[in-house]
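The structure under discussion appears below in the form of structure tokens.
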Amino acid sequence: MKKEGAVGRELGPVSSVVRRRSEVIFGCVAAVGTVAGTLYLLLDPPAGAGFGDQVRFVSVMTLFLWFILLVGPHPRIEIRERGLVVVNWLSRTSIPWTAVESVEADGALELRLRDGRVHRPIIASRSLATVLSGDRLQNEMKAAVVNAESAVPDGDSRARTRPDLWLGPLVLVYGTFLLIGWLAAR
């Protein structure tokens with residue numbers, strides 16, 4: 001039995017990645033500001049603040065940082081040799097080219113699958129900015145997907161979705177903040 005790796009690896013190497021540049025930039029700037037503010041308050045806490053206060057503060061700020069990263073730089077569409085990997089806020093979907101029936105870009109990008117499902121990548125949803133630009137982003141994404149779609153030998157044509165919560169980085173950041181707060185409180 002073949003052992004499966006991460007969702008998407010079975011579709012081959014990544015040929016290109018499509019993201020909403022403005023959301024990535026905003027998310028990264030907000031994340032840096034959140035980390036800087038958290039570190040400042042951990043290293044120079046208000047008078048009378050104890051380690052318990054720092055634990056509560058770190059818990060809230062870590063969840064806020066996690067949310068910023070999930071909404072900003074995390075979502076993307078990876079165009080691969082044998083399909084797409086669509087990464088939304090909380091999930092990762094592997095879609096082989098053989099599963100794609102059509103690609104529509106009428107306001108928002110929609111991937112219509114042969115099994116009847118419609119997949120809407122979060123980064124290709126409609127916004128005021130895309131409306132003002134004439135849905136340029138959605139049309140560019142559609143063109144990138146359609147151009148990458150190629151004749152692939154018949155194979156598994158099922159789209160697979162798995163949770164993608166970035167829990168590893170969440171725990172690492174939380175532990176690092178707690179360690180810094182504990183060391184600063186000593």
Side-chain angles (χ1 to χ4, degrees), residues 3-80 84-95 108-109 119-133 136-138 140-141 144 160-186:
K3 184 179 178 184
E4 284 191 34
V7 169
R9 286 192 186 148
E10 72 277 6
L11 298 177
V14 176
S15 61
S16 66
V17 177
V18 181
R19 298 178 190 261
R20 264 196 183 163
R21 192 172 298 120
S22 60
E23 289 179 7
V24 171
I25 292 169
F26 178 78
C28 289
V29 169
V32 167
T34 301
V35 169
T38 301
L39 290 175
Y40 176 77
L41 286 174
L42 286 176
L43 296 173
D44 188 21
F51 184 63
D53 296 319
Q54 287 183 329
V55 169
R56 285 188 291 277
F57 173 69
V58 163
S59 299
V60 169
M61 294 309 289
T62 302
L63 288 175
F64 182 64
L65 178 63
W66 181 59
F67 174 76
I68 289 170
L69 293 174
L70 281 178
V71 171
H74 184 58
R76 64 191 174 276
I77 298 175
E78 297 173 1
I79 300 174
R80 294 177 176 252
L84 299 169
V85 176
V86 177
V87 180
N88 283 331
W89 294 343
L90 302 174
S91 66
R92 173 183 297 261
T93 304
S94 173
I95 306 172
L109 186 72
H119 197 77
R120 295 175 182 93
I122 196 72
I123 66 161
S125 58
R126 195 165 217 184
S127 68
L128 180 59
T130 61
V131 169
L132 292 175
S133 70
R136 190 184 79 236
L137 176 71
Q138 286 80 1
E140 286 175 7
M141 288 182 188
R160 292 181 176 82
T161 301
R162 289 191 184 158
D164 191 18
L165 304 176
W166 273 18
L167 294 179
L170 173 71
V171 170
L172 181 67
V173 167
Y174 185 68
T176 303
F177 280 162
L178 283 180
L179 178 64
I180 291 169
W182 178 72
L183 290 172
R186 293 179 72 206

Sequence neighbours excluded, every pair satisfying salt bridge (Lys or Arg N to Asp or Glu O under 4.0 Å) that has a member inside residues 57-70: none
Give, for atom CZ of R162 and atom OG1 of T93, the distance between the pair rounded to the nearest 0.5 Å. 11.0 Å
Spacing of N88 atom CG and R76 atom CZ [to the nearest 0.5 Å]: 10.5 Å
Ignoring hydrogens, what is the shortest heavy-atom contact between S91 and T161? Give both atom names and the distance. CB-CG2, 3.9 Å
Salt bridge (Lys or Arg N to Asp or Glu O under 4.0 Å): which pairs involve residues 25-42, sequence neighbours left out? none
Among all residues two or more places apart in sequence or in another chain, which pass the side chain to side chain contact (heavy atoms under 4.5 Å, CB included) test with A108? none
Side chain to side chain contact (heavy atoms under 4.5 Å, CB included) partners for L11, two or more places apart: R80, R82, V85, S94, P96
Going by salt bridge (Lys or Arg N to Asp or Glu O under 4.0 Å), name the pairs with one or both residues in residues 163-173, residues two or more places apart or in two chains. R92-D164
When rounded to the nearest 0.5 Å, the distance separating CD1 of I77 from CG of L84 is 7.0 Å
Residues pairing under side chain to side chain donor-acceptor pair (under 3.5 Å) where one sits in residues 60-71, two or more places apart or in two chains, turn out to be none
Atom pair CG (L109) and CD1 (I123), whose distance is rounded to the nearest 0.5 Å: 8.5 Å
Which atoms form the tightest heavy-atom contact between L42 and A184, and what is the distance? O-CB, 3.3 Å
Identify, with sequence neighbours excluded, every residue that meets side-chain hydrogen bond (donor to acceptor under 3.5 Å, both in side chains) alongside E23. R20
Taking only residues two or more places apart in sequence or in another chain, which ones pass side chain to side chain contact (heavy atoms under 4.5 Å, CB included) with A49? P45, P46, D53
Show me the side-chain donor-acceptor pairs of residues 166-182 shorter than 3.5 Å, one per line, residues at least two apart or across chains.
unit_1: W166; atom_1: NE1; unit_2: H74; atom_2: ND1; d: 3.0
unit_1: Y174; atom_1: OH; unit_2: S59; atom_2: OG; d: 3.1
unit_1: T176; atom_1: OG1; unit_2: L172; atom_2: O; d: 2.8

Step through the shown structure and confirm whether more than 12 heavy atoms of other residues, nucleotides or ligands are within 6.0 Å of CZ on F51. yes
Taking salt bridge (Lys or Arg N to Asp or Glu O under 4.0 Å) as the definition, give me every residue that meets it alongside R19, ordered by chain and number, with sequence neighbours left out. none
Measure the spacing between SG of C28 and CG of L69 and express it to the nearest 0.5 Å. 7.5 Å
To the nearest 0.5 Å, tell me how far L70 CG sits from L65 CG. 9.5 Å
Where at least one partner belongs to residues 26-36, residue pairs that pass side chain to side chain donor-acceptor pair (under 3.5 Å), sequence neighbours excluded: none
